[in-house]
Asks: 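Take this structure first; my questions come after.
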2 protein chains.
Amino acid sequence: MNEPHIHSPASPNARPTAREQIAACGGRVTRTRLAVLEALHGSAHPLSHDELGDMLAAEAIAHDRVTLYRALDWLVERGLARRIAGGDRAWRFEVVRGAAHRHAHFHCDRCGQVLCLEQLEAAPAAALPTGYSVERAELVLHGHCAACGPEHSAAEIR
Amino acid sequence: MNEPHIHSPASPNARPTAREQIAACGGRVTRTRLAVLEALHGSAHPLSHDELGDMLAAEAIAHDRVTLYRALDWLVERGLARRIAGGDRAWRFEVVRGAAHRHAHFHCDRCGQVLCLEQLEAAPAAALPTGYSVERAELVLHGHCAACGPEHSAAEIR
DNA sequence: CTTCTAGTGCAACATTGTAGCATCTGGCGT
DNA sequence: ACGCCAGATGCTACAATGTTGCACTAGAAG
Ligand SMILES: [Mn+2]
Ligand SMILES: [Mn+2]
Ligand SMILES: [Zn+2]
Ligand SMILES: [Zn+2]
């Protein structure tokens, strides 16, 4: 830890810290929100509630599932995080980086790992029936990740 | 009902009936499978397990949720039906018509209705990391359907 | 009609997420 | 530095969706 002890905006025009982001949204900086947002910032891929729960448990933070759900809800409401649908019924969460930039994701149907496909935009431009309005699009590619390998067929799991 | 009483392949080269489809897959033609597949054939949009359950209940078929889940699993395994992910955690099911032809879907975030966007192909052609293999893509547009209207904001529900 | 296995019904369970409510605490005013 | 109190937490109970195990039924083959 090489930061000064007195909490300050650190460098004037650097990317805001998790702490600053939370405060800027008018919310209290609690250990749960801080740990969750930092975990999301530090992760290369979107994290499930369960994965986050394990990480917080390792840090002896967040003794309750519900608190984590609520922290995540709050981050999403405030636009600091984003929810991704995956193929199973569990949400994944990632930090919102560049304003919009909605990209596609890859979901490994074996291990459940989700990967961001930053290059692949999820832009539809579809012709919908009158009266329909689109708010966002979700593009998810399904298959097997490198670790799980394409050679194993579904039956071979376990 | 204008079919002959004796069950026959009806017209020689017409689209196979639900009964024929099921039999052709080597499965037993049970009331549940038959009713489900016919319901899917007759529906303009993908149906949730719950919607199907209501329809079967109205016909006094399928006295058990599990049986319906298993019938649907079977239809999907045999390639007669397809599972669609929606934004909520409930699967929708639709009949598989033209072999592949994987199209996008629209999900109304208000009423949960799912609409097929036959024109919009869900084809990715993305550059994935080495070792990753894509099996299929799911493209879901989210918003409000015509019935629910775009004017109502989220808070106004109920 | 009998037989045999695939399918069904029921109960119990698993996973993921919500709602209510009492208690605690972060940040503010003093 | 201290006390306050709305906002955050922890706990319990609940809801929605789907799965597993097992005894019983029934589709269809002979
Ligand atoms: Mn992403
Ligand atoms: Mn469709
Ligand atoms: Zn994997
Ligand atoms: Zn709607």
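Predicted model, so just to flag it, every value in this text is computed and none were measured. All chains are named by letter (A, B, ...) in the order of the sequence lines, taking the proteins before the strands, and each is independently numbered beginning at 1.
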Asks: Within less than 4.0 Å of OP1 or OP2 of C/dT8, is there a side-chain N or O belonging to B/T30?
Replies: yes
Asks: Whether the side chain of B/R136 engages the backbone of A/L141 through a donor-acceptor N/O pair (distance < 3.5 Å, no angle test) should be reported.
Replies: no
Asks: Bend angle of the helix from C/dC1-D/dG30 to C/dT30-D/dA1 from five-pair axes at both ends, rounded to 10°?
Replies: 30°
Asks: Side chain of A/R65: nearest nucleotide among C/dC10, C/dG17, C/dG27?
Replies: C/dG17
Asks: Does the separation of the ring centres of A/H105 and A/H107 fall below 6.0 angstrom?
Replies: no
Asks: Identify, between B/Y69 and A/A62, the residue whose nearest nucleotide on DNA chain D lies closer to the 5' end.
Replies: A/A62
Asks: Using only atom types and a distance under 3.5 Å, with no angle test, would you say the side chain of B/E38 pairs donor to acceptor with the backbone of B/A35?
Replies: no
Asks: Without swapping roles, check the side chain of B/T17 against the backbone of B/E20 for a donor-acceptor pair under 3.5 Å.
Replies: yes
Asks: Checking salt bridge (Lys or Arg N to Asp or Glu O under 4.0 Å) for the pair B/D64/B/R70: CA distance, chi angles, key distance, verdict?
Replies: CA-CA 10 Å; B/D64 182 47; B/R70 290 198 268 232; 5.2 Å; no
Asks: With rounding to the nearest 0.5 angstrom, report the CD to CD distance, A/E121 to A/Q119.
Replies: 10.5 Å
Asks: When we call it a touch if two heavy atoms are under 4.0 Å apart, what does A/V29 touch: a base, just sugar-phosphate, or nothing?
Replies: sugar-phosphate
Asks: Over how many whole Å does the gap from B/L56 atom CG to C/dT8 atom P extend?
Replies: 11 Å
Asks: Using whole Å, report how far CD1 of A/I84 lies from P of C/dT16.
Replies: 17 Å
Asks: Please figure out whether B/D88 or B/G27 has its closest DNA chain D nucleotide nearer the 5' end.
Replies: B/D88
Asks: Can the ring centroids of A/H49 and A/Y69 be said to lie less than 6.0 angstrom from one another?
Replies: yes
Asks: Tell whether B/R28 reaches the base of C/dT5 with its side chain through a donor-acceptor pair below 3.5 angstrom.
Replies: yes
Asks: Would you say a side-chain N or O of B/R31 is under 4.0 Å from OP1 or OP2 of C/dG9?
Replies: yes
Asks: Go through the N and O atoms of the side chain of B/R70 and the base of C/dG9, and report whether any donor-acceptor pair is under 3.5 Å.
Replies: yes
Asks: Given atom CG of B/L34 and atom C1' of C/dG7, what is their separation to the nearest angstrom?
Replies: 14 Å
Asks: Given 3.5 Å as the limit, does a donor-acceptor pair link the side chain of B/S43 with the main chain of B/P46, or not?
Replies: no
Asks: Over all heavy atoms of both residues, which pair between B/E118 and B/H103 is shortest? Give the atoms and the distance, please.
Replies: OE1-ND1, 3.6 Å
Asks: I would like to know whether A/D73 and A/R78 meet salt bridge (Lys or Arg N to Asp or Glu O under 4.0 Å); could you show each step before the answer?
Replies: CA-CA 9 Å; A/D73 286 348; A/R78 296 309 193 269; over 6 Å; no
Asks: Would you kindly give the CG-to-C1' distance between A/L68 and C/dG17, to the nearest whole Å?
Replies: 11 Å
Asks: In this structure, how many angstroms lie between the C1' atom of C/dA22 and the CG atom of A/D64, rounded?
Replies: 14 Å
Asks: Roughly, in whole Å, what's the span from NE2 in A/H63 to C1' in C/dT23?
Replies: 15 Å
Asks: Measure from CG on B/D73 to P on C/dT8 and round the result to the nearest Å.
Replies: 12 Å
Asks: Between which nucleotides of DNA chain D, read 5' to 3', does contact with chain A run, using atoms under 4.0 Å from its heavy atoms?
Replies: D/dA6 to D/dG18
Asks: Just the rounded figure in Å: distance from C1' of C/dT8 to CH2 of B/W74.
Replies: 15 Å
